[in-house]
Amino acid sequence: QVQLVESGGGLVQAGGSLRLSCAASGSIFSINAMGWYRQAPGKQRELVAAITRGGSSNYADSVKGRFTVSRDNAKNTAYLQMNSLKPEDTAVYYCNALIVVVTVKHREYDYWGQGTQVTVSS
């Protein structure tokens with residue numbers, strides 16, 4: 001089995017910064033892509049940022065210029081650096097990964113973390 005564990009969430013004032021981490025562990029052969037999603041109360045889950053194994057990234061328009069996604073392939077960990085945070089960034093942030101496991105190397109599986117709360121006060 002593979003598990004993704006997010007960390008780094010918390011309470012921050014508007015204009016502040018947080019860095020989220022997503023550590024993948026288990027029988028991992030490779031992680032093809034990792035992404036961050038968020039879901040606010042009453043809202044649908046939305047893609048925030050994603051990054052491929054080769055380092056290509058994309059962002060939601062609402063976070064471009066403020067958030068940076070990165071990954072450390074050797075550590076099976078993805079990061080989301082969040083700067084200039086706004087109250088509308090308040091949500092539960094979820095890590096997502098497309099992972100090839102060691103026992104089934106011909107296909108990738110979609111895994112999700114448990115989420116970490118980010119609250120931005122005005």
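Note: hydrogens, waters and symmetry copies are ignored here, and every other heavy atom, side chains too, is used.
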Walk me through whether N73 and I31 qualify under side-chain contact (heavy atoms from CB on, under 4.5 Å). CA-CA 8 Å; N73 292 335; I31 302 177; over 6 Å; no
Which is it for I99 and N76 under the side-chain contact (heavy atoms from CB on, under 4.5 Å) test, yes or no, and what are the steps along the way? CA-CA 10 Å; I99 296 176; N76 290 333; over 6 Å; no
dist N32:CG -> T52:OG1 (nearest 0.5 Å) comes out at 9.0 Å
Closest contact, heavy atoms only, V102 versus K105: O-CE, 3.2 Å
Closest approach of L4 to A97 (non-hydrogen atoms, all atoms of both residues): CD2-CB, 3.7 Å
Has the side chain of Q39 got a donor or acceptor atom that lies under 3.5 Å from a matching backbone atom of A91? no
So OG of S57 and CE of M34: to nearest 0.5 Å the spacing works out to 14.0 Å
Check K64 with D61, please: is the shortest side-chain N to carboxylate O separation under 4.0 Å? yes
Under a single-linkage definition using a 4.5 Å side-chain heavy-atom cutoff for Ile, Leu, Val, Met, Phe, Trp and Tyr, are L11 and M82 assigned to the same hydrophobic cluster? no
With hydrophobic residues grouped by side-chain heavy-atom distances under 4.5 Å, do V48 and Y94 end up in a single group? no
Polar side-chain atom of E108 near backbone of V100 as donor-acceptor pair, under 3.5 Å: no
Validation row: L47, N58 side chains within 4.5 angstrom (heavy atoms): yes
If you round to the nearest 0.5 Å, how far is CD of Q3 from CD1 of I28? 9.5 Å
Please report the shortest heavy-atom distance between I51 and S70, naming the atom on each side. CD1-CA, 3.9 Å
Going by the ring-ring contact (aromatic ring centres under 6.0 Å, His included) test, which pairs reach into residues 14-41, not counting sequence neighbours? Y37-W112
Let me confirm one number: the CZ-CZ distance from R71 to R53, rounded to the nearest 0.5 Å. 6.0 Å
Give the minimum heavy-atom separation between R66 and L85, together with the two atoms involved. NH1-CA, 3.9 Å
CG/D89 to OG1/T119 distance, rounded to the nearest 0.5 angstrom? 11.0 Å
Are L20 and F67 close enough that some pair of their side-chain heavy atoms sits under 4.5 Å apart? no
Rounded to the nearest 0.5 Å, how far apart are OH of Y93 and OG of S7? 15.0 Å
Any donor-acceptor N/O pair, Y59 side chain to V69 backbone, under 3.5 Å: yes
Looking at every heavy atom in both S17 and N83, which two are closest together, and how far apart are they? OG-OD1, 2.9 Å
Begin from the C-alpha positions of D72 and Y79 and carry the test side-chain contact (heavy atoms from CB on, under 4.5 Å) through to its verdict. CA-CA 8 Å; D72 185 335; Y79 306 93; 4.2 Å; yes
For a side-chain contact (heavy atoms from CB on, under 4.5 Å) check, start with the C-alpha distance between R38 and L80, then their side-chain angles and the critical distance, and finish with the verdict. CA-CA 12 Å; R38 67 186 181 187; L80 184 67; over 6 Å; no
